[in-house]
K.L.:
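Take a look at the following structure, please.
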Amino acid sequence: MAATTVVRGIDVLLTMDPNRGAGQWGRIDDGAVAMVGDRITWVGRSADAPPASVVVDGAGCVGLPGLVDCHTHAVWAGSRAVEFQRRLAGANYTDILMAGGGILSTVRATREASLEHLTELAAHRLGAMRDKGVTAVEIKSGYGLSPEAEERCLKAAKAAGTRAGVHVSTTFWGAHTVPEEFRGNRAGYVREVIEVQLPRLADIADAIDVYVDDGAFTVEEGRAILSAGRQRGLHVRIHAEQVAYTGAAEMAADLGARSADHLEQIDAAGIAAMARSGTLAVLLPGAMLYLRDPPPPVGAMRVAGIRMAVATDLNPGTSPVADLWACATLACVTMRLTVEEALCGITSAAADVLGLADRGRLRPGGAADFVLARPAIGEPPEPAVLLQHLGAPRLEALFVGGVRV
Ligand SMILES: [Zn+2]
């Protein structure tokens with residue numbers, strides 16, 4: 001029989017399962033968790049813990065499932081640091097585009113990069129995330145924008161996950177922006193996405209995404225692309241209502257979208273549509289910070305019963321942020337999420353965005369991805385401490401697939 005590992009004496013264990021422990025985050029004081037192989041086998045109070053061949057002491061710590069980052073663009077090549085400085089000096093987006101910067105500069109660098117180079121870059125990024133307790137990450141394509149380059153990005157995402165020991169979900173995002181060779185012919189590019197890229201890539205992606213906004217794709221184009229993806233069995237996601245209100249979230253909700261992401265400009269109709277369809281909101285405070293955007297209407301979404309996830313949106317331009325803990329803190333400070341909402345947002349809610357039933361929660365049968373976090377020196381082992389201090393806490397222990405790493 002396989003060995004049983006029990007982590008016990010955990011001051012506060014958050015199962016993120018309201019059926020196991022108190023509140024939405026399933027709080028158990030003096031908790032314990034048992035693992036056999038790569039699965040959780042038992043969760044409860046230390047006094048009731050099963051016998052174990054390996055015992056880990058969780059005293060002074062907060063325990064929670066491996067974190068889930070449900071919105072990243074972690075596959076890219078090139079650098080946007082010069083653009084960052086130009087923006088700080090007052091350059092606007094058009095100036096930067098004219099100087100050859102912006103998204104299209106990342107597209108050029110990504111197209112020139114080999115599969116191996118893209119994999120190596122993404123694996124480094126994922127490795128740094130895993131060191132902070134993130135064990136599942138969604139990665140979108142979207143810096144290739146051609147059938148070959150989009151395929152390379154999706155393959156690099158999967159290979160990087162294997163190399164870094166992180167579960168990766170992939171999202172096809174050919175409809176990120178119109179590439180240079182289709183300039184002035186957006187309709188032609190939408191056709192290419194639907195008729196060439198999607199048939200080629202549907203089998204290596206879990207979801208499809210589209211960027212509907214002022215200066216991006218229209219609601220009608222977004223509907224056509226997402227509908228085509230849904231027909232091929234992909235989960236529907238959308239970048240919506242970030243720069244301007246367009247009705248994109250409502251459209252995606254009507255298509256049964258798993259999530260609508262950003263939402264700074266969402267209106268009452270969009271909120272009602274998301275609530276009706278059970279579409280989750282993915283909040284991206286990194287992008288909000290870098291773009292100096294206003295916060296999304298979290299209060300109205302909460303009242304409507306919309307569940308909220310929080311993600312890094314890791315990308316080289318508008319959210320060069322790889323620290324999911326810091327994003328949870330920013331969601332509290334800038335968007336007024338509660339600590340409980342933010343911690344559910346980087347675990348259970350994020351797992352639901354990706355359809356990962358066995359992650360983001362601690363329950364028997366689930367993946368044995370487990371984080372034992374130690375609060376800053378002098379602080380009590382309380383969940384709020386983990387988010388009050390900006391940036392990832394020190395990890396006392398991290399289990400990925402039941403293996404202590
Ligand atoms: Zn994004």
K.L.:
Using 4.0 Å as the upper bound for N to carboxylate O, is an ion pair formed by E138 and R359?
P.N.:
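No, this pair does not count.
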K.L.:
With a sphere of 6.0 Å drawn around NZ of K158, does it hold more than 12 non-hydrogen atoms of other residues, nucleotides or ligands?
P.N.:
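Enclosed: over 12 neighbouring heavy atoms sit under 6.0 Å from NZ of K158.
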K.L.:
Under 3.5 Å, is there a donor-acceptor pair between the side chain of R45 and the main chain of D29?
P.N.:
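Looks like yes, one N/O pair under 3.5 Å.
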K.L.:
Inspect the surroundings of CG in N92 and state if more than 12 heavy atoms from other residues, nucleotides or ligands are less than 6.0 Å away.
P.N.:
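Yes, enclosed.
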K.L.:
Do V385 and P380 come within less than 4.5 Å of each other through their side chains, counting heavy atoms only?
P.N.:
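Yes, side chains in contact.
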K.L.:
Using every non-hydrogen atom in the two residues, find where L324 and V310 come nearest and quote the distance to one decimal.
P.N.:
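Minimum heavy-atom contact is CD1-O, 3.6 Å.
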K.L.:
Got a salt bridge between R39 and D358, using NZ or NE/NH1/NH2 to carboxylate O under 4.0 Å?
P.N.:
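Salt bridge: yes.
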K.L.:
Once rounded to the nearest 0.5 Å, what's the spacing between atom CZ of R276 and atom CD of E250?
P.N.:
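Here the rounded value is 6.5 Å.
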K.L.:
Between the side chains of R86 and E83, is the shortest nitrogen-to-carboxylate-oxygen separation below 4.0 Å, so that they form an ion pair?
P.N.:
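No, this pair does not count.
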K.L.:
In plain terms, say whether R108 and E180 are close enough for a salt bridge, that is, a side-chain N and a carboxylate O under 4.0 Å apart.
P.N.:
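Yes, this pair counts.
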K.L.:
For the ring pair H176 and H239, is the centre-to-centre distance below 6.0 Å?
P.N.:
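Between H239 and H176, which both carry aromatic rings, the centre distance is not below 6.0 Å.
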K.L.:
With K140, which of D209, D69, D313, D206 fulfils salt bridge (charged side-chain N to carboxylate O under 4.0 Å, His left out)?
P.N.:
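Only one option passes, and that is D209.
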K.L.:
Throw together a table of side-chain donor-acceptor distances under 3.5 angstrom for residues 288-308, partners on residues two or more places apart or in other chains.
P.N.:
from, atom 1, to, atom 2, distance (Å)
R302, NE, E341, OE2, 2.7
R302, NH2, R336, O, 3.1
R302, NH2, E341, OE1, 2.8
R307, NH1, D352, OD2, 2.9
R307, NH2, D352, OD2, 2.8

K.L.:
Does R125 make a cation-pi contact with W76 (under 6.0 Å, within 45 degrees of the axis)?
P.N.:
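That pair qualifies as a cation-pi contact.
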K.L.:
Start with the C-alpha distance between V243 and T246, add both sets of side-chain angles, then the distance that settles side-chain contact (heavy atoms from CB on, under 4.5 Å), and finish with yes or no.
P.N.:
CA-CA 9 Å; V243 177; T246 63; over 6 Å; no
K.L.:
Taking atom types as modelled and ignoring hydrogens, do the side chains of S259 and R237 form a donor-acceptor contact shorter than 3.5 angstrom?
P.N.:
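S259 vs R237: donor-acceptor pair found between side chains.
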K.L.:
Locate the shortest heavy-atom distance separating L398 from G133; write the atom from each residue and the value.
P.N.:
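Scanning both residues completely, I find the closest heavy atoms to be CD1-CA, 4.0 Å.
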K.L.:
Determine yes or no for a side-chain-to-main-chain donor-acceptor pair under 3.5 angstrom, with Q24 supplying the side chain and E340 the backbone.
P.N.:
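Between the backbone of E340 and the side chain of Q24 there is no qualifying donor-acceptor contact (under 3.5 Å).
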